[in-house]
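A quick write-up on the structure given underneath.
Residue numbers run from 1 in the order of the sequence given. Numbering of ligands and ligand atoms starts at 1, following listing order. From a predicted model like this one, the values you see are computed outputs, not experimental measurements.
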Amino acid sequence: MAMEATRLVTLEQELRTAIAENQFEVYLQPIVNQKNGGLLSAEALLRWHHPTQGKLAPAHFMAFLENSDMINEVGQFVLETVCRYLARCRSNKSFPDTLRISINVCARELYQQDFPEQVRAMLERYHLTGSCIELEITESVALQRITEAIATMDQLIALGLTFALDDFGTGYSSLSYLKQLPVQTVKIDKTFIRDVTQDYQDAAMVAFILAIAKTLNLKTVAEGIELQDQATWLSQYEHISLQGYLVGRPLPIPEFHDRWANP
Ligand code: C2E
Ligand code: MG
Ligand code: MG
């Protein structure tokens, strides 16, 4: 216990330094149309360039960060980085104006009192409309305080933003709640995709999620596509977008731009 306490104190100090010294970086991962491989959107994913441990993925720090007010500052950094990049892309015509970037939002961020106002101010600062941003929340985030979540989501939707339900199928949500949430997209968690071609239970779950999504008129993204077989299996379904290493790994913004922007 003492060792764990020391680790957490060190992590907190290191995260404060990381914010002060700009050690975070936003990576982008493509999400494509399964029919023609065309870019539809990208997901912003945080990386931490730790001074001694090198590049760290969120698994190493996000659980701690999401329980601290520091997440609000980091979330603002992610939002601003994305808006700055989108504004540059708009002025250079690097992508069609329909390109959208999705940003993950945890409970602490969504339930901040002035979150919609912060987003509105950032969009204004970069002369953007809300339609270029999708926010990804998980079922557990949305269902913690569902009435409040819906009210906040509605304010953001009024600015033009859309919502995606991330890691769908891994939570314990009730389908009647799902119907109430103003989301436009569900993202099928990668744990169902991994063995979808061999495990009939995973295949049944994916088919079930796709059927619900269709009934509720929601778009779907399949996460964690690593193998051509998985993409081929999914091609039996219409209206599904693909995200995963097969399509493209998360990249630093300049590399993402070189790979995906119009020549
Ligand atoms: P997520 O939102 O579900 O993001 C998808 C995760 O799957 C990312 O992990 C991505 O790198 C990984 N991934 C993408 N394609 C593949 C694949 O083909 N195979 C496998 N095995 N993995 C793949 P990452 O970047 O480590 O992020 C983990 C989680 O951390 C995210 O899960 C999200 O919940 C959270 N996160 C990341 N960035 C942010 C952020 O800026 N703010 C907040 N609040 N949370 C974030
Ligand atoms: Mg996500
Ligand atoms: Mg996910």
Side-chain angles (χ1 to χ4, degrees), residues 15 18-19 23-32 34 41-50 54-83 85 100-112 115 118-119 122 133-142 144 162-171 183-197 206 209 219-231 233-234 241-253 255-256:
L15 283 168
I19 293 172
Q23 293 170 3
F24 289 111
E25 183 173 5
V26 175
Y27 277 45
L28 292 177
Q29 184 177 31
I31 297 174
V32 302
Q34 77 160 344
S41 61
E43 178 172 6
L45 294 161
L46 194 62
R47 296 291 179 265
W48 177 10
H49 297 284
H50 189 282
K55 187 177 84 177
L56 297 181
H60 296 272
F61 58 89
M62 197 46 89
F64 184 87
L65 202 56
E66 286 185 348
N67 277 310
S68 147
D69 280 340
M70 286 187 282
I71 188 63
N72 297 335
E73 234 173 299
V74 176
Q76 279 289 301
F77 161 76
V78 174
L79 178 65
E80 174 146 26
T81 306
V82 165
C83 287
Y85 178 57
R100 199 186 282 260
I101 295 185
S102 51
I103 297 178
N104 294 284
V105 173
C106 70
R108 214 181 182 92
E109 296 174 88
L110 186 75
Y111 295 120
Q112 278 174 93
F115 184 61
Q118 287 177 22
V119 173
M122 193 68 82
I133 292 188
E134 180 154 85
L135 298 178
E136 297 192 2
I137 56 171
T138 60
E139 297 158 84
S140 61
V141 166
Q144 263 176 38
T162 50
F163 279 86
L165 211 45
D166 206 353
D167 307 341
F168 189 72
T170 58
V183 295
Q184 195 181 66
T185 307
V186 290
K187 298 189 75 174
I188 305 173
D189 192 66
K190 52 182 171 293
T191 53
F192 300 116
I193 302 296
R194 195 179 49 221
D195 298 323
V196 78
T197 55
V206 172
I209 294 171
K219 296 182 191 172
T220 40
V221 176
E223 294 187 313
I225 309 287
E226 295 183 357
L227 306 169
Q228 185 55 51
D229 280 356
Q230 295 161 338
W233 188 90
L234 285 164
S241 314
L242 306 182
Q243 178 178 9
Y245 298 161
L246 179 72
V247 174
R249 288 186 177 259
L251 293 172
I253 290 179
E255 286 176 43
F256 174 88

Query raised in the report: List by chain and number: which residues place a heavy atom under 4.0 Å from ligand 1?
Result: Q29, E43, L45, L46, R47, A57, P58, M62, E66, V78, N104, C106, E109, E136, D166, D167, K190, E223, G224, I225, E226, G244, Y245, P250
Query raised in the report: Does any non-hydrogen side-chain atom of I71 lie less than 4.5 Å from one of C106?
Result: yes
Query - Side chains of L246 and Q230 in contact at under 4.5 Å (non-hydrogen atoms) - result: no
Requested in this report: Kindly assign one of parallel, tilted or perpendicular to the pair W48 and F24, based on the angle between their ring planes and the thresholds 30° and 60°.
Outcome: tilted
Query raised in the report: Does G169 offer a backbone N or O that forms a donor-acceptor pair with the side chain of E139 under 3.5 Å?
Result: yes
Query raised in the report: Is the side chain of Y27 donor-acceptor paired with the backbone N or O of F256 at a distance under 3.5 Å, no angle test?
Result: no
Query raised in the report: Near the Mg ion (ligand 2), meaning under 2.8 Å, how many protein N/O/S atoms are there?
Result: 4
Report summary line: Sequence neighbours excluded, the answer for side chain to side chain contact (heavy atoms under 4.5 Å, CB included) partners of S140 is T138
Requested in this report: Pick out which of Q243, R249, E43 makes a side chain to side chain donor-acceptor pair (under 3.5 Å) with Q29.
Outcome: Q243
Query raised in the report: Short question: side chain of Q112, backbone of E109 - any donor-acceptor pair under 3.5 Å?
Result: yes
**Report entry** Set of salt bridge (charged side-chain N to carboxylate O under 4.0 Å, His left out) partners for R108, sequence neighbours left out
**Finding:** D69
